[in-house]
Amino acid sequence: MIRIKCLCLLLFLIILGLPLSAEDAEPSWLNKKILKLENSPDIETPSSNLITNRIVNTINLSDLAEENLTLPYYYWSWSKIEDLTSKIDSIYLEPKVQLRELIVSVLTSEMPANIEIPKEANLYIARLNKLLELGQYKEAQTFININDPNLTLSYQQQFELNLLKGNDTLACSQSKIEGTNNNTLKQKLYCLNHEGKQSEARIVFETAKILNKIEDYDTYIIELLLNSKEFAQSYIIDIKNNLSILDYIILQKNDIKIEDKFIPTSFLFYNLSQTYDIEKKLIISEKLAKFGIISNLQLFKFYKESDIVNDKALIKRKKCVNELELSILKQSSDDIRKNLVKCLSLFQKIGLSADYSKYYRTTVLAEVNTGWETPTSVKMRLLSKDYSSLKIELTENSNFNSAQSIARNNFTKLNGLTAFEKSITDSFKDPKYKDHNASLIDQGKIGEVIISSIILLESEDLNKMQNGLIALIQAGLIDVARDIAIRLLVES
């Protein structure tokens, strides 16, 4: 009788699906997330209807960029963590600026990030390193604060972040916190030198050389660090391709000239924090803005400074911005429109038309509402993602016409397109969905499709670019695909 009762109890447990082992009792990352959502009355659990056989419907790029939202956790929850890590490692060091907002949204999405689990720790480090490579320092700092506040894995990254912000004291004091001292020899010597302990630094350095604990290249860099600027001027060093942040800062402090090809654009953020000269700030800011590293708000703040600059091209841009600001202040529509046209032409020449358009978005809309609809107003609205209410179609050139067609989702009047323009427009006019993407979507691996689309869009091969846009559409990011396509066309 007792055996029968035990057997019935066992069957009852199996039917209920209750955990029978310690392994089953440990919920997965996805299960933990679902339990969290179910227990939260303010959060709506995502419906399974979001996933269809061919396409997914979800949020748009304007939400990602302006509202600072991230892609939903369930985009990643069915993927193998090592597959996500591998794909993230494949994202380019300096991607096309049109893709940056989407890339940052991917990197800051809610993926597994328990640093005590090796695979999740590897994914965390891959995402953090990519944020740093891209120059997304604010996001990287937030990422560390949330996931690794004790710097168990992020010590080196936090050290570099502090250096880039020009805070050597904080970077070096960090090593004095118990349990976080993971300084390399070069970092130890840098901090000793910063703290005025040059004699101690020299002893440690000479000892390391005797014991062959230091590579030749690092020896050259440390010689610069421990000697005077006068010594540096006569010093010859072969700069490496894989320049580290610390190496770059040591070279900068000794006024060593470095070829641009060796300098990752994101490193220029350090130079921005070190100069008070408005002309230097503007030159650096334009380079950083072109790669999407600083915002248009930061850039145009420098244009409006009263300081005098000497570079002729800078003078023109600075003068135009200030004349536009004055016309806005006077509420003179004729002058506003004239200056908007003139300034757009200047910023197009240096690849900053999108930043310019976003900064003066409100001004353009105010003029459009009073009857101003010209190629300039349309172009600026296309670049600022404010094209939902375009009233008329204006002809300037084929790429401009293609961009308007994508914005309106109307392809009836397109003629004489280049191969590039046809490839982009056909992604929306006649998208040929890929079975491989559909299969991944069916498995819930939507995030993998999105990362693959980013890698495809980095190519200059027209078929790959088209497939990248189509993959985004399949993943439900049609507004994202549309915004990227329009910028590729207008800025080409």
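None of the values given here were measured: they were computed from a predicted structure. Values reported hereafter were calculated over all heavy atoms of this structure, with side chains retained and with hydrogens, waters and symmetry mates removed. In this chain, residues are counted from 1 in sequence order.
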Does the side chain of [Y] come within less than 4.5 Å of [X]'s, by heavy atoms?
X: Ile245; Y: Phe159; result: no
X: Gln158; Y: Gln141; result: yes
X: Leu344; Y: Ser357; result: yes
X: Gln156; Y: Thr184; result: yes
X: Leu107; Y: Glu139; result: no
X: Arg361; Y: Met380; result: no
X: Leu489; Y: Phe420; result: yes
X: Phe143; Y: Asp148; result: no

Please answer whether the main-chain N or O of [Y] pairs with a side-chain N or O of [X] as donor and acceptor at a distance below 3.5 Å.
X: Asn369; Y: Leu365; value: yes
X: Asp277; Y: Glu279; value: yes
X: Ser173; Y: Leu170; value: yes
X: Asn467; Y: Asn463; value: yes
X: Thr85; Y: Ile81; value: yes
X: Lys186; Y: Asp218; value: no
X: Glu94; Y: Leu134; value: no
X: Lys434; Y: Ile470; value: no
X: Asn409; Y: Ser405; value: no
X: Asn183; Y: Gln187; value: no

Under 3.5 Å, is there a donor on one side chain and an acceptor on the other for [X] and [Y]?
X: Gln298; Y: Ser285; value: no
X: Asn122; Y: Glu82; value: no
X: Asp426; Y: Gln466; value: no
X: Tyr124; Y: Ser154; value: yes
X: Glu325; Y: Tyr360; value: yes
X: Glu491; Y: Gln98; value: yes
X: Glu421; Y: Asn399; value: no

Give every donor-acceptor pair under 3.5 Å between a side-chain atom in residues 451-459 and any protein atom, sequence neighbours left out.
from, atom 1, to, atom 2, distance (Å)
Ser452, OG, Lys87, NZ, 3.0
Ser452, OG, Glu448, O, 2.9
Ser453, OG, Ile450, O, 2.5
Glu458, OE1, Lys96, N, 3.3
Glu458, OE2, Lys96, N, 3.2
Ser459, OG, Asp461, N, 2.9

Pair Glu286-Arg317, salt bridge (charged side-chain N to carboxylate O under 4.0 Å, His left out): steps then yes or no
CA-CA 11 Å; Glu286 286 182 341; Arg317 291 191 289 275; 2.9 Å; yes
Working to the nearest 0.5 angstrom, can you tell me the gap between [X] [atom1] and [Y] [atom2]?
X: Tyr73; Y: Ser109; atom1: OH; atom2: OG; result: 13.0 Å
X: Ile473; Y: Asp479; atom1: CD1; atom2: CG; result: 10.5 Å
X: Asn271; Y: Ile249; atom1: CG; atom2: CD1; result: 9.0 Å
X: Ile214; Y: Ile221; atom1: CD1; atom2: CD1; result: 10.0 Å
X: Gln252; Y: Asp255; atom1: CD; atom2: CG; result: 8.0 Å
X: Cys320; Y: Asn339; atom1: SG; atom2: CG; result: 5.5 Å

[X]: ring-ring contact (aromatic ring centres under 6.0 Å, His included) partners, not counting sequence neighbours:
X: Tyr303; result: Phe300, Phe347
X: Phe267; result: Tyr248
X: Tyr387; result: none

Check the pair Val106 / Met111 against side-chain contact (heavy atoms from CB on, under 4.5 Å), numbers first and verdict last.
CA-CA 9 Å; Val106 165; Met111 298 184 199; 4.2 Å; yes
Give a yes or no on whether Ile308 atom CD1 has more than 12 heavy-atom contacts from other residues, nucleotides or ligands under 6.0 Å away.
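Count not over threshold, so no.
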Step through the shown structure and confirm whether more than 12 heavy atoms of other residues, nucleotides or ligands are within 6.0 Å of NE2 on His436.
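Open: at most 12 neighbouring heavy atoms sit under 6.0 Å from NE2 of His436.
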Heavy-atom pair of closest approach, residues [X] and [Y]:
X: Ala471; Y: Asn437; answer: CB-ND2, 3.6 Å
X: Ser266; Y: Ile293; answer: CA-CD1, 3.7 Å
X: Ala407; Y: Arg482; answer: CA-CD, 4.2 Å
X: Leu299; Y: Ala289; answer: CD2-CB, 3.8 Å

Residue pair Thr169, Glu195: steps toward the side-chain contact (heavy atoms from CB on, under 4.5 Å) verdict:
CA-CA 8 Å; Thr169 301; Glu195 292 164 359; over 6 Å; no
Partners meeting salt bridge (charged side-chain N to carboxylate O under 4.0 Å, His left out) with Glu367 (sequence neighbours left out):
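Checked Glu367 against salt bridge (charged side-chain N to carboxylate O under 4.0 Å, His left out); matches are Arg337.
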With salt bridge (charged side-chain N to carboxylate O under 4.0 Å, His left out) as the test, would you mind laying out the steps for Lys358 and Asp355 before giving the verdict?
CA-CA 5 Å; Lys358 289 173 184 175; Asp355 288 85; over 6 Å; no
Test side-chain contact (heavy atoms from CB on, under 4.5 Å) on Phe302 and Leu282; report intermediate values, then the result.
CA-CA 6 Å; Phe302 296 132; Leu282 265 173; 3.8 Å; yes
Apply side-chain contact (heavy atoms from CB on, under 4.5 Å) to the pair Phe400 and Leu382, showing each step before the final yes or no.
CA-CA 10 Å; Phe400 185 48; Leu382 289 170; 3.8 Å; yes
Give every residue pair that meets the salt bridge (charged side-chain N to carboxylate O under 4.0 Å, His left out) criterion with at least one member in residues 150-174, sequence neighbours excluded.
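Of all non-adjacent pairs touching residues 150-174, those that pass salt bridge (charged side-chain N to carboxylate O under 4.0 Å, His left out) are Asp168-Lys253.
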Candidate list Asn114, Asn147, Ile115, test side-chain contact (heavy atoms from CB on, under 4.5 Å), partner Glu120, passing option
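Per the side-chain contact (heavy atoms from CB on, under 4.5 Å) rule, the option paired with Glu120 is Asn114, out of Asn114, Asn147, Ile115.
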Pair Glu101 + Lys385: basic N to acidic O under 4.0 Å:
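The answer is yes: the pair qualifies as a salt bridge.
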